[in-house]
Amino acid sequence: RGMAVPAGASLLVMPWLVHRHETLWEQPGHFRPERFLPDRRERIDRFAFLPFGAGPRVCIGASFAMQEGVIALAALLRHLRFDFAGVRAPRPVQKITVQPEGGLPMRVSRR
Ligand code: HEM
């Protein structure tokens with residue numbers, strides 16, 4: 001805020017940092033999915049949460065990806081239970097997309 005940007009400068013937007021910035025989020029380091037409940041979602045600034053980017057080059061698959069994710073999860077969780085089976089908490093690593101280092105071992109059982 002209030003910073004001069006020289007003409008011709010390149011700006012990089014880091015969603016990882018934006019999504020954890022203390023001026024934008026309450027308890028930025030906490031996992032609180034209820035932030036996104038329908039009655040609270042409206043209060044989130046359009047540029048504070050950008051998993052699909054923003055502006056003219058925004059992801060064209062965003063709606064599809066959200067629907068597909070919910071449908072796939074619902075189909076799996078209806079019949080199966082997933083329990084974390086790793087030895088230590090997963091660590092995020094940057095590999096074009098952010099991924100859990102060494103994968104996310106799960107124990108799968110029938111519900
Ligand atoms: C969870 C899944 C996905 C995530 C997190 C994601 C994220 C992104 C991001 C961050 C961008 C760059 C936006 C920007 O430059 O500001 C992008 C672009 C794009 N995405 Fe996705 N995406 C996802 C799924 C999909 C799917 C399912 C499709 C196609 C069916 C898709 C098609 C595209 C295309 C074509 C672009 C380039 C748009 C352009 O440059 O004009 N994405 N996506």
Side-chain angles (χ1 to χ4, degrees):
R1 272 181 207 159
M3 285 177 67
V5 178
S10 297
L11 292 181
L12 296 181
V13 178
M14 308 288 185
W16 176 269
L17 297 179
V18 175
H19 294 173
R20 288 160 182 76
H21 205 282
E22 58 187 22
T23 61
L24 299 172
W25 302 93
E26 248 176 60
Q27 297 184 297
H30 289 68
F31 177 63
R32 283 182 39 201
E34 68 273 15
R35 302 176 204 271
F36 300 97
L37 286 173
D39 59 321
R40 307 196 200 168
R41 202 179 295 166
E42 296 293 308
R43 280 182 256 155
I44 299 174
D45 186 273
R46 172 64 188 91
F47 297 99
F49 188 62
L50 328 131
F52 296 100
R57 304 306 296 266
V58 69
C59 174
I60 58 160
S63 299
F64 173 74
M66 290 304 287
Q67 283 191 45
E68 186 190 31
V70 170
I71 292 168
L73 265 182
L76 288 170
L77 295 179
R78 197 163 161 225
H79 300 293
L80 302 170
R81 182 192 156 106
F82 293 81
D83 289 295
F84 182 60
V87 282
R88 59 188 166 91
R91 236 177 64 89
V93 282
Q94 178 71 42
K95 289 184 177 175
I96 302 184
T97 57
V98 178
Q99 301 173 17
E101 190 178 40
L104 208 52
M106 292 280 171
R107 189 170 299 110
V108 184
S109 50
R110 284 197 182 278
R111 282 187 176 273

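These values consider heavy atoms only, across backbone and side chains, with no hydrogens, waters or symmetry-generated copies. In listed order, ligands and their atoms are each counted from 1.
At least one heavy atom of A54 lies less than 4.0 angstrom from ligand 1.
A distance-only check finds no donor-acceptor pair linking the side chain of H79 to the backbone of R110 [under 3.5 Å]. Side-chain N or O atoms of R35 include none that pairs as donor or acceptor with a backbone N or O of R40 at under 3.5 Å. A donor-acceptor pair under 3.5 Å is formed between the side chain of R41 and the backbone N or O of F36. Judged purely by atom type and a 3.5 angstrom limit, Q94 uses its side chain to pair as donor or acceptor with the backbone of I96.
Protein-derived N/O/S atoms nearer than 2.8 Å to atom 21 (Fe) of ligand 1 total 1, waters excluded.
Linking Ile, Leu, Val, Met, Phe, Trp and Tyr residues whenever their side-chain heavy atoms come within less than 4.5 Å leaves L77 and V70 in two separate clusters.
Using cut-offs of 30° and 60° on the angle between ring planes, the pair F49 and W25 is perpendicular.
Remark: ligand 1 atoms within the under-4.0 Å shell around heavy atoms of P51 are 5 (C), 7 (C), 10 (C). Distances below 4.0 Å separate heavy atoms of F64 from the following atoms of ligand 1: 27 (C).
Other residues, nucleotides and ligands place no more than 12 heavy atoms under 6.0 Å from the CE atom of M66.
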Exercise for the section: Kindly indicate, with the supporting measurements, whether the criterion side-chain contact (heavy atoms from CB on, under 4.5 Å) is fulfilled by V13 and F47. Expected result: CA-CA 10 Å; V13 178; F47 297 99; over 6 Å; no
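Shortest contact from atom 37 (C) of ligand 1 to any protein heavy atom: R57 O, 4.7 Å.
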